[in-house]
Amino acid sequence: MKENQKEMQKEMQKKQLEMMLKQRQTQLAMQFASGKEFFNWFASFYALIFPLCILGALKKKSPFPIIPLIPLGFVCGYQYDMYYGDKMKRIRLEAERLIDSEPQLFYFPKNAHIVSQEEYEEILGINKNKK
């Protein structure tokens, strides 16, 4: 009877984990899709404003109408790299590196009273020799 109960408990935990991972995947996919949609709108805006700024600079014989293109270009490039490039892969690799080599960055403040630093290290299996 106890074996059956333990087996059912493991199965429930497995289903809960599966459901949690599917929910996480769905949320991330929605955020990513939303970002791609925003990029499409922003890139369209940039494509529209780019020639207008150039024409304005030529007409006024002044470089000032071109100035907004510089930061907007960086924003557009960043978003393109995020949603169509490999920025997410680079971010994930940096996050993995931080977790492995600098776990102390993620400790709770001492007065938080959530979990002690020792308990945190024990839960996450952080090797104290890495500090």
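Numbers here are sequence positions counted from 1. Quick note: numbers below take in every heavy atom, side chains included, and nothing from hydrogens, waters or symmetry partners.
Side-chain contact check for His113 versus Phe108: every heavy-atom pair is 4.5 Å or farther apart. The shortest side-chain heavy-atom distance between Asp86 and Asp81 falls under the 4.5 Å cut-off. Within the 4.5 Å cutoff, side-chain heavy atoms of Lys36 are placed close to those of Tyr84. The side-chain heavy atoms of Gln104 and Gln117, taken from C-beta on, include no pair separated by under 4.5 Å. Two residues are said to be in side-chain contact when any heavy atoms from C-beta on lie closer than 4.5 Å; Arg97 and Leu93 fail this criterion. For the pair Gln16/Met20, no side-chain contact is recorded, criterion being any heavy-atom separation below 4.5 Å from C-beta on.
Distance NZ/Lys6 to CD/Glu3: 8.0 Å, rounded to 0.5 Å.
Between Glu18 and Lys14 there is no salt bridge, since no side-chain nitrogen of the basic residue lies less than 4.0 Å from a carboxylate oxygen of the acidic one.
With 3.5 Å as the limit, one finds no donor-acceptor pair spanning the side chains of Thr26 and Gln23.
Under the 4.5 Å side-chain heavy-atom criterion for Ile, Leu, Val, Met, Phe, Trp and Tyr, Ile123 and Leu98 are members of the same hydrophobic cluster.
Judged by distance alone, the side chain of Glu94 and the main-chain N or O of Ile91 form no donor-acceptor pair under 3.5 Å. Between the Ser34 side chain and the Met30 main chain, no donor and acceptor come within less than 3.5 Å of each other.
Ring geometry for Tyr120 against Tyr107 counts as perpendicular: the plane angle is over 60°, on a 0 to 90° scale with 30° as the lower cut.
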Given Phe32 and Met88, is the side-chain contact (heavy atoms from CB on, under 4.5 Å) satisfied, shown in steps?
CA-CA 10 Å; Phe32 209 77; Met88 287 299 289; 3.6 Å; yes
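Within 6.0 Å of atom CD in Glu96, more than 12 heavy atoms from other residues, nucleotides or ligands are found, so the atom counts as buried in its surroundings.
Side-chain contacts under 4.5 Å among hydrophobic residues (ILVMFWY), followed directly or transitively, place Ile49 together with Phe38, Phe42, Phe45, Tyr46, Phe50, Ile54, Leu58, Ile66, Leu69, Leu72, Val75.
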